[in-house]
Amino acid sequence: MADQQRLALEIFRYDPEADANAAPRYDRYEVPYREHWVVLDAINWIKDEVDGTLAHRWSCRMGVCGSCGMMVNGEPRLSCNVFLRDYVPGPVRIEPLQHFAVEKDLVVDLEGFMRKLEQVKPYLMRDDVERPEQGPYNQTPAQMAQYHEHSMCINCMLCYAACPVVNLEPAFPGPAALALAQRYNLDSRDRGKEHRLEAVGGEHELWGCTFVGECTDVCPKNVDPAGAIQKMKLEATKRWYLHLVQPKGAGR
């Protein structure tokens, strides 16, 4: 590509307020080709040098914050984590993450995602917290290893864009939220597993997952949401069976 100086980007443009009666469009931009540029560099160049009205999210540029997720040639990717050279000779089509409402251009509405995160109670829960002066709840390396993989989630929502269930079943919490729930279920300091299983154990919630596995394939942090959800299903099944053979209040 040494002799090629420019690459075309076709970027999704839509403003629900200004374009309420119009269909979304794709604007084509010719960007300088730099072998070391990632897709986000090209989008920032367009924003700075060509069209300041273009809206997109980004922050760290290091694959850590998760805010620059987009559809790149039809695949959910972190735009800071994929190089222009991977799309030669182009064009490169850039769209907002699918399965989310568009706020403007490449910016999607996060409100529904945040509600689903809240639903799974993603924090340590216990009602017997001792006084601070009695010291922390320590863990062994082996105990931490039980949940460490799932704790790497950066809430980039690529798994939601890849999941075929998210857009079909509104009650489904989604891969990232359920993986995060399992992260706390596996934490030796936590006592909230029963509450989480109660909150998401319904037919169209936890069991809405059909184990396609696309969420794991697109995860940039190797969290394996699909695996986490199947483990959580096993816990829910054990809970159902125990409640069946030993109903609440039995033996009193």
Side-chain angles (χ1 to χ4, degrees), residues 8-20 22-29 38-40 42-44 46-47 54-59 63 65-84 86-87 90-117 119-120 153-180 204-206 208-226 228-229:
L9 268 62
E10 297 174 348
I11 300 184
F12 178 96
R13 304 300 304 273
Y14 184 66
D15 184 343
E17 293 184 3
D19 305 329
R25 69 182 192 275
Y26 290 86
D27 287 350
R28 186 182 178 98
Y29 303 92
V38 292
V39 169
L40 180 61
I43 296 172
N44 283 340
I46 294 169
K47 173 80 171 181
L54 177 62
H56 67 296
R57 284 194 180 105
W58 66 281
S59 182
C65 73
S67 62
C68 69
M70 303 170 190
M71 305 298 294
V72 182
N73 277 8
E75 298 182 0
R77 304 297 298 266
L78 291 179
S79 58
C80 72
N81 202 32
V82 59
F83 287 90
L84 284 182
D86 295 331
Y87 296 97
V92 187
R93 175 157 287 200
I94 311 296
E95 300 166 293
L97 289 177
Q98 61 185 2
H99 305 155
F100 291 89
V102 174
E103 288 194 349
K104 185 183 179 186
D105 299 337
L106 303 175
V107 178
V108 296
D109 184 359
L110 305 181
E111 185 176 346
F113 174 68
M114 299 306 295
R115 284 198 304 269
K116 291 179 177 181
L117 278 183
Q119 178 188 3
V120 304
C153 176
I154 58 175
N155 292 331
C156 63
M157 299 171 292
L158 301 192
C159 58
Y160 283 70
C163 176
V165 179
V166 166
N167 198 42
L168 298 175
E169 182 49 70
F172 180 52
L178 290 173
L180 192 56
H204 302 294
E205 296 167 312
L206 173 63
C209 173
T210 56
F211 199 24
V212 173
E214 289 295 323
C215 54
T216 292
D217 290 343
V218 302
C219 180
K221 295 299 181 180
N222 300 312
V223 171
D224 189 14
I229 294 171

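- Going from atom NE2 of His99 over to atom CG of Leu168 covers 7.5 Å, rounded to the nearest 0.5 Å.
- Within the 4.5 Å cutoff, the side chain of Ile11 has heavy atoms near those of the Arg13 side chain.
- By the 4.5 Å heavy-atom criterion applied to side chains, Val165 and Pro175 are not counted as neighbours.
- A heavy-atom distance below 4.5 Å is found between the side chains of Asp19 and Arg25.
- Using a 4.5 Å cut-off on side-chain heavy atoms (C-beta onward), Ile46 and Asp27 make no contact.
- Closest of all the heavy-atom pairs between Leu78 and Ile154 is CD1-CD1, 4.1 Å.
- Here the closest heavy-atom approach between residue Leu9 and residue Ile43 is recorded as CD2-CG1, 4.2 Å.
- Note that CD of Glu205 is 10.5 Å distant from CZ of Phe172, once rounded to the nearest 0.5 Å.
- Remark: the backbone N or O of Gly63 is paired with a side-chain donor or acceptor of Lys221 at under 3.5 angstrom.
- Note that SG of Cys159 is 8.0 Å distant from CD1 of Ile229, once rounded to the nearest 0.5 Å.
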Take Asp15 and Asp105 through the side chain to side chain contact (heavy atoms under 4.5 Å, CB included) test and state the conclusion after the steps. CA-CA 6 Å; Asp15 184 343; Asp105 299 337; 5.5 Å; no
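- Here the side chains of Trp58 and Ser79 are not in contact, with every heavy-atom distance at 4.5 Å or above.
- The CZ atom of Phe100 sits 10.0 Å away from atom CG of Asn167, with the distance rounded to the nearest 0.5 Å.
- Taking every heavy atom of both residues into account, Val212 and Pro164 meet most closely at CG2-CG, 3.8 Å.
- The line from CE of Met71 to CZ of Arg93 is 12.0 Å long, rounded to the nearest 0.5 Å.
- Pairing each heavy atom of Phe211 with each of Ala226, the nearest pair is CE1-CB, 3.7 Å.
- Taking every heavy atom of both residues into account, Ala176 and Phe113 meet most closely at CB-CE1, 4.2 Å.
- Within the 4.5 Å cutoff, no side-chain heavy atoms of Glu169 are placed close to those of Thr210.
- Residues Val108 and Pro96 come closest through the heavy atom pair CG1-CB, 3.7 Å.
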Steps toward side chain to side chain contact (heavy atoms under 4.5 Å, CB included) verdict (Glu103, Leu110): CA-CA 9 Å; Glu103 288 194 349; Leu110 305 181; over 6 Å; no
For Val38 and Leu84, what are the C-alpha separation, side-chain angles and deciding distance, and is it a side chain to side chain contact (heavy atoms under 4.5 Å, CB included)? CA-CA 5 Å; Val38 292; Leu84 284 182; over 6 Å; no
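- Remark: Leu117 CG to Cys153 SG distance equals 8.0 Å, nearest 0.5 Å.
- Leu178 is not listed as a side-chain neighbour of Lys116, based on a closest heavy-atom distance of 4.5 Å or more.
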